[in-house]
Amino acid sequence: MEQTAALKEIAQQIAVCQRCELHKSRKNPVPGAGPATAEVMCIGEGPGFYENEQGLPFVGASGKFLTHLLQQGGYQREQVFITNVVKCRPPENRDPQVDELAACAHYLDRQIELIDPRIIVTLGRFSMARFLPDVRISQVHGKAGYVDGRLIVPMYHPAAALHNPNLRSVVEADFAKLPGLIERANQRIQKIKEEAARLEADQTDQDNPAVQLKLF
Ligand code: URA
């Protein structure tokens with residue numbers, strides 16, 4: 001199935017999902033938004049009040065700040081796929097619970113698999129923990145690393161910077177690193193492709209009887 005259609009199908013599954021208690025209090029599920037071919041994927045925590053009203057991710061105050069941060073990184077928000085670790089609003093914006101995170105993980109896994117982004121930006125500790133369970137965000141924010149073959153960059157949640165003005169310039173500086181990180185990720189992929197092509201060419205040579213017989 002084509003990527004966009006497959007993402008729509010996931011959104012439809014989320015719309016009728018009853019895997020955890022959050023479905024009971026949601027107004028609208030918030031599957032995520034953005035192009036199926038996005039090179040950057042941002043993963044937040046869970047929908048808040050405005051997201052629950054509109055069925056769209058990051059449309060409130062932290063969303064406005066996220067739009068600004070992405071611009072710092074050279075991206076328009078429309079170029080980025082934005083989603084959350086839980087797709088329905090936790091009541092009163094409480095932290096998502098372990099069983100809710102587990103119930104929703106399958107949808108996020110499928111979205112990542114389909115979009116296959118060059119880089120995943122985690123926003124806040126709940127989405128960071130999905131990839132880096134044993135680290136503190138204060139130690140790793142803005143640093144990129146490969147987890148299961150995917151480039152992950154943990155960032156502070158935009159809301160944290162709105163609540164703590166000292167974090168604002170830190171988060172802005174972290175997002176400004178995005179173009180350099182993408183460039184490095186692209187170079188790495190190019191190298192892997194070249195190496196694969198070289199190995200294939202070597203193999204073809206070895207399958208050639210003229211080479212096997214050392215004929216000139
Ligand atoms: N905070 C999040 O983590 N996600 C949203 O979609 C909105 C606010």
Side-chain angles (χ1 to χ4, degrees), residues 7-34 38 40-70 77 80-115 117 120-138 140-141 152-168 170-171 174-175:
L7 278 178
K8 254 194 202 148
E9 193 180 286
I10 296 172
Q12 283 161 0
Q13 289 166 2
I14 293 169
V16 293
C17 179
Q18 300 191 353
R19 288 179 181 218
C20 79
E21 293 291 294
L22 294 183
H23 80 275
K24 291 187 180 159
S25 51
R26 75 177 170 219
K27 182 163 180 185
N28 287 296
V30 183
V40 178
M41 183 167 183
C42 286
I43 307 175
E45 183 175 317
F49 176 82
Y50 292 102
E51 291 77 21
N52 182 49
E53 292 294 308
Q54 296 182 36
L56 290 168
F58 281 95
V59 287
S62 21
K64 285 204 179 77
F65 189 45
L66 177 61
T67 304
H68 160 78
L69 290 168
L70 288 169
R77 170 185 178 115
V80 174
F81 192 89
I82 303 175
T83 188
N84 287 299
V85 280
V86 293
K87 315 299 191 192
C88 298
R89 183 189 184 205
E92 309 304 322
N93 296 348
R94 64 156 168 75
D95 289 347
Q97 291 169 359
V98 175
D99 61 321
E100 294 159 357
L101 290 161
C104 227
H106 161 79
Y107 298 122
L108 182 59
D109 288 346
R110 288 279 297 130
Q111 288 172 322
I112 295 171
E113 199 182 306
L114 279 167
I115 295 165
I120 293 178
V121 176
T122 63
L123 303 168
R125 64 195 166 98
F126 286 97
S127 91
M128 181 185 74
R130 159 78 177 63
F131 303 94
L132 301 161
D134 298 317
V135 298
R136 294 175 74 88
I137 198 159
S138 55
V140 297
H141 67 90
I152 309 296
V153 195
M155 307 273 198
Y156 282 110
H157 195 287
L162 290 179
H163 293 134
N164 175 358
N166 294 334
L167 277 187
R168 191 183 166 102
V170 175
V171 186
D174 285 347
F175 270 82

Ring-face cation contact, F58 with R77, 6.0 Å cut, 45° max: no

Is the backbone N or O of C88 less than 3.5 Å from a side-chain atom of E100, with the two atoms forming a donor-acceptor pair by type? no

Would you mind reporting whether L132 and T122 have side-chain heavy atoms less than 4.5 Å apart? no

What is the minimum heavy-atom distance between L22 and R89, and which atoms define it? CD2-O, 3.9 Å

Nearest heavy-atom pair of G32 and F81: which atoms, and what distance? C-CZ, 4.0 Å

Report yes if some heavy atom in the side chain of L69 is under 4.5 Å from a heavy atom in the side chain of M155; otherwise report no. no

What residues form a side chain to side chain donor-acceptor pair (under 3.5 Å) with R125, not counting sequence neighbours? D95

So, F65 versus H157, ring centres under 6.0 angstrom or not? no

Can you give me the closest heavy-atom contact between L167 and A161, atom names plus distance? CB-CA, 3.9 Å

Walk me through it: do F175 and L66 pass the test side chain to side chain contact (heavy atoms under 4.5 Å, CB included)? CA-CA 10 Å; F175 270 82; L66 177 61; 4.0 Å; yes

Check whether any side-chain N or O of S25 sits under 3.5 Å from a backbone N or O of P91 as a donor-acceptor pair, and report yes or no. no

Contact check, side chains of Q97 and E21, non-hydrogen atoms, under 4.5 Å: no

Quick check: do P31 and I10 have side-chain heavy atoms less than 4.5 Å from each other? no

Tightest non-hydrogen contact, residues A38 and I115, listed as O-CG2, 3.6 Å

Distance check, rounded to the nearest 0.5 Å: M128 atom CE versus I137 atom CD1? 5.0 Å

Return each pair, listed once, that meets side-chain hydrogen bond (donor to acceptor under 3.5 Å, both in side chains) where at least one residue sits in residues 41-63; pairs must be two or more places apart or across chains. K27-E53

Could you grab the distance from atom NZ of K8 to atom CD of Q13, nearest 0.5 Å is fine? 14.5 Å

Against I43, only a single residue in N84, I152, I112, I82 fulfils side chain to side chain contact (heavy atoms under 4.5 Å, CB included); can you say which? I112

Mind checking what makes side chain to side chain donor-acceptor pair (under 3.5 Å) contact with H106, not counting sequence neighbours? none

Out of curiosity, R110 CZ to L108 CG, how far, rounded to the nearest 0.5 Å? 12.0 Å

Any donor-acceptor pair under 3.5 Å linking the side chain of R26 with the backbone of A15? yes

Is any side-chain heavy atom of T83 closer than 4.5 Å to a side-chain heavy atom of P57? no

Non-hydrogen side-chain atoms of V86 and F126 separated by less than 4.5 Å: no

